[in-house]
Amino acid sequence: MKVWARSLIRYRLVATNTSDKPVRVRFAPSPTGDLHVGNIRTALFDWAYARHTGGQFIFRIEDTDRERVTDEYIQAAIDTLKWLGLSWDEGPEVGGPYGPYLQSQRLDIYAEWAGKFLANGDAYHCYCSSEELEARREEQKKANVAPGYDGKCRTISESDLARYKSEGRKPVLRMRMPDGSTTFTDSIRGEVTFDHNFVPDFVLVRGDGSPLYTLAVAVDDVMMKVTHVLRGEDLLSSTPRQIRVYQAMGVAPSDYPTFAHLPFVMGQDNAKLSKRNGEVSIAWYRDRGFLPEAICNYLALLGWSPGEDRENVTMQELTELFTVERVHSSPARFDMKKLEAINGDKIRLLTIDDLLSRSVPFLIKDGVISGTPEELTIVKTALPIIQERIATLAEVTPMLKFLFAKNFVIDSEELPKIADAQSQAVLAKASEVLQGLSDWSHSSIEEILRAALIEEMALKPRIAFGAVRVAITGSHISPPLFESMELLGRDRALARIAAAIN
RNA sequence: GGCCCCGUCGUCUAGUGGCCUAGGACUCUGGCUUCUCAAGCCAGCUACGCGGGUUCGAAUCCCGUCGGGGCUACCA
């Protein structure tokens with residue numbers, strides 16, 4: 001029970017969205033670092049819901065904490081969303097009727113509302129110092145009382161006020177939480193109630209006059225006419241505070257946004273995702289050769305499912321199938337293996353031209369090719385034989401580098417595989433028959449090598465071709481041998497076999 | 001500690017009282033195919049946290065319990 005009770009009126013709000021207003025969903029990250037898979041999963045659901053309902057997808061940057069948010073991270077967030085294909089209707093770069101969409105550019109709006117709250121008595125100045133608050137919190141813990149602001153500054157005597165001012169204290173603006181409770185309906189979790197004994201008066205504006213998330217998020221959602229808030233579960237317990245601000249703003253309960261708190265995406269060891277807990281930055285996945293549509297498809301499956309034993313969905317299908325009703329309430333663990341499997345599936349679905357344009361940047365970055373038309377022609381010819389054997393675009397490099405090696409050398413670990421007498425005999429025989437081959441096609445190469453090595457020498461295919469494979473590609477793992485030899489060309493193929501013979 | 005959320009194979013999930021001797025996918029294991037690696041195909045392993053209820057009948061409803069997570073900031 002609060003000793004500083006101001007009102008005994010039971011405070012119970014039920015936020016419902018019964019209106020048929022057009023859907024407006026926002027993704028509002030606070031770019032204090034690279035966007036990670038958890039953020040992106042939220043963005044994806046926000047986007048899919050907006051597209052599914054034919055509503056607007058709003059992208060807002062929550063940079064009220066300028067100590068931690070940087071312009072680089074803001075730009076990175078914009079780039080990441082673009083790369084994933086999550087296009088927004090309102091937000092950075094595209095603007096919109098309710099802008100600006102960077103909270104740091106909306107300071108006057110927050111100041112105006114803060115002023116109103118203070119004038120109305122919904123909020124009050126609090127002069128307690130951090131040290132004092134900390135000390136009282138410790139006492140609360142000792143006394144086994146719910147920790148939180150005790151309401152000391154709800155009323156301040158004239159003498160205290162004069163003293164605080166003479167000490168040069170800068171007050172924060174605190175929201176007054178009335179007695180009672182807040183109940184709202186979460187689309188995913190159902191009815192949730194918070195007793196205000198556990199929702200202390202919270203700070204809206206810092207001592208330096210800058211707004212906090214608690215103020216900005218609620219003001220912006222109202223001002224931007226947001227109808228649905230799909231966000232991480234970590235914000236669930238802050239919802240009563242947002243509702244309190246709506247109430248202070250004079251918004252009718254029927255106009256409150258509908259909340260849906262998404263379950264977490266956990267790291268490999270069941271802890272919340274972090275830098276130490278698996279790779280979380282989307283940029284890392286991009287650089288590693290994951291397709292944006294594969295990342296989105298996989299992330300969509302974390303906390304949501306289209307049902308009917310379906311898993312492979314296109315971005316278009318995702319927007320058609322996505323509903324909040326099918327979103328889970330329990331957390332999901334991120335599984336790299338499954339992401340890789342889906343990525344491989346998506347790669348196999350690509351046309352050769354598409355696969356080519358996506359692979360080339362990796363080959364260039366890895367120094368395999370410089371990007372000349374001649375090189376691209378060779379790559380394009382080679383892609384069909386490796387398309388089904390790679391799971392990421394980055395694997396194109398180890399698969400195809402043998403075609404472009406300037407100074408071809410066999411991996412030192414592979415050398416022993418062709419050093420034995422049998423392998424040497426195979427290579428000698430292959431060299432001999434191949435030199436007389438006029439038609440350098442993979443079918444002719446296969447035909448003549450089978451006749452010479454398998455039939456004539458009576459060797460097992462994996463033994464015979466294995467030796468040739470190492471000589472040709474430098475590795476015992478490679479694209480199909482005969483196609484590889486055709487692609488390499490007669491002269492280089494013969495030279496490599498010759499070089500492999502001691 | 002308090003408040004809140006969550007709990008089906010190792011992982012992601014289907015499942016909203018009988019269609020469930022619990023289905024699919026990834027992983028793993030074995031096999032087929034095979035010039036390596038993949039891909040593909042077939043088979044197999046493995047789950048309703050636990051305990052009480054309600055009911056003719058419970059993975060599905062209720063209670064408790066245990067476990068996990070979040071919040072508890074002049075972060076978001």
Side-chain angles (χ1 to χ4, degrees), chain A residues 28-30 32 62-65 67-69 126 128-130 133-134 137 140-142 144-149 170-174 186 188-189 192-195 197-200 202-208 210-214 216-217 231-240 261 263-264 266 268 270-272 298 301-312 328-342 344-345 348 386-391 395 399 446 449-450 453-454 460-466 468-470 473 475-484:
Chain A
S30 181
T32 55
E62 309 225 320
D63 57 345
T64 52
D65 186 354
E67 301 264 309
R68 296 166 64 215
V69 177
C126 170
C128 299
S129 69
S130 304
L133 292 173
E134 185 57 37
R137 235 177 262 132
Q140 288 171 325
K141 278 190 179 176
K142 277 183 198 161
N144 209 16
V145 174
Y149 190 66
K170 298 284 185 204
V172 300
L173 186 68
R174 227 176 246 286
D186 184 283
I188 294 168
R189 288 151 216 285
V192 183
T193 298
F194 288 87
D195 189 305
N197 284 320
F198 309 108
V199 185
F202 55 96
V203 177
L204 296 167
V205 180
R206 292 186 178 88
D208 67 3
S210 63
L212 253 53
Y213 165 82
T214 50
V217 69
R231 61 188 350 181
E233 191 195 326
D234 49 333
L235 276 335
L236 182 62
S237 52
S238 78
T239 307
H261 288 92
F264 284 118
M266 314 295 279
Q268 317 268 356
N270 206 25
K272 202 181 170 191
Y298 175 63
L301 266 20
L302 259 30
W304 175 82
S305 129
E308 297 171 354
D309 292 340
R310 274 198 71 187
E311 294 215 318
N312 194 316
H328 256 244
S329 50
S330 50
R333 201 176 303 194
F334 185 85
D335 181 12
M336 180 75 83
K337 282 277 199 293
K338 183 136 183 177
L339 204 212
E340 284 173 358
I342 289 178
D345 289 341
R348 266 158 242 132
I386 66 163
Q387 185 170 23
E388 70 180 27
R389 16 179 70 79
I390 55 173
E395 290 169 38
M399 279 289 182
E446 177 169 7
L449 286 182
R450 275 190 190 284
L453 307 179
I454 311 304
K460 285 196 156 95
R462 65 178 302 132
I463 301 293
F465 298 143
V468 181
R469 181 186 313 284
V470 170
T473 69
S475 170
H476 71 285
I477 298 171
S478 82
L481 179 60
F482 313 116
E483 284 83 350
S484 296

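Throughout, a chain's letter reflects where its sequence line sits, starting with A, and its residues are numbered from 1. From a predicted model like this one, the values you see are computed outputs, not experimental measurements.
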Taking only nitrogen or oxygen atoms into account, show me every contact under 3.5 Å that the protein makes with nucleotides 31-34 of chain B, one pair per line with its distance.
none

When we call it a touch if two heavy atoms are under 4.0 Å apart, what does E134(A) touch: a base, just sugar-phosphate, or nothing? nothing
For nucleotides 40-48 of chain B, give me one character per nucleotide, 5' to 3': B if any protein heavy atom sits under 4.0 Å from the base, S if the only such contacts are to the sugar-phosphate, - if neither. ---------
Who are the side-chain hydrogen bond (donor to acceptor under 3.5 Å, both in side chains) partners of E340(A), not counting sequence neighbours? none
For T239(A), what residues pass the side-chain contact (heavy atoms from CB on, under 4.5 Å) criterion, not counting sequence neighbours? F184(A), R231(A), I243(A), F259(A), H261(A)
Answer with yes or no whether R310(A) presents, from its side chain, a donor or acceptor under 3.5 Å of a partner atom in the base of rU13(B). no
Sort me out a list of protein N/O and nucleotides 74-76 of chain B N/O pairs below 3.5 Å, or just none if empty.
{"from": "rC74(B)", "atom 1": "O2", "to": "G207(A)", "atom 2": "N", "distance (Å)": "3.0"}
{"from": "rC75(B)", "atom 1": "OP1", "to": "R206(A)", "atom 2": "NE", "distance (Å)": "3.3"}
{"from": "rC75(B)", "atom 1": "OP2", "to": "R206(A)", "atom 2": "NE", "distance (Å)": "3.0"}
{"from": "rC75(B)", "atom 1": "OP2", "to": "R206(A)", "atom 2": "NH2", "distance (Å)": "2.9"}
{"from": "rC75(B)", "atom 1": "O2'", "to": "D65(A)", "atom 2": "OD2", "distance (Å)": "2.8"}
{"from": "rC75(B)", "atom 1": "O2'", "to": "R68(A)", "atom 2": "NH1", "distance (Å)": "2.2"}
{"from": "rA76(B)", "atom 1": "OP1", "to": "T64(A)", "atom 2": "OG1", "distance (Å)": "2.4"}
{"from": "rA76(B)", "atom 1": "OP2", "to": "Y213(A)", "atom 2": "N", "distance (Å)": "3.0"}
{"from": "rA76(B)", "atom 1": "O3'", "to": "E62(A)", "atom 2": "OE1", "distance (Å)": "3.3"}
{"from": "rA76(B)", "atom 1": "N6", "to": "R241(A)", "atom 2": "NH2", "distance (Å)": "2.9"}

Can you list everything that forms a side-chain hydrogen bond (donor to acceptor under 3.5 Å, both in side chains) with E395(A)? Sequence neighbours excluded, please. T392(A)
N312(A): what forms a side-chain contact (heavy atoms from CB on, under 4.5 Å) with it, not counting sequence neighbours? N297(A), D345(A), K346(A), L349(A)
Whether each nucleotide of nucleotides 1-12 of chain B has a protein heavy atom under 4.0 Å at its base (B), only at its sugar-phosphate (S) or at neither (-) is summarised, 5' to 3', as BSSSBSS---SB
Checking S305(A) now: which residues fulfil side-chain hydrogen bond (donor to acceptor under 3.5 Å, both in side chains) with it, not counting sequence neighbours? none
Those residues that, when tested against R462(A), pass salt bridge (Lys or Arg N to Asp or Glu O under 4.0 Å) (two or more places apart): none
Residue set satisfying side-chain contact (heavy atoms from CB on, under 4.5 Å) with S30(A), at least two apart, ordered chain then number -> T32(A), E62(A), V69(A)
Contact class for P461(A) (heavy atom, under 4.0 Å): base, sugar-phosphate, or nothing? sugar-phosphate
Rounding to an integer number of Å, can you tell me how far E308(A) CD sits from rA14(B) C1'? 10 Å
Can you name the side-chain contact (heavy atoms from CB on, under 4.5 Å) partners of S330(A), sequence neighbours left out? H328(A)
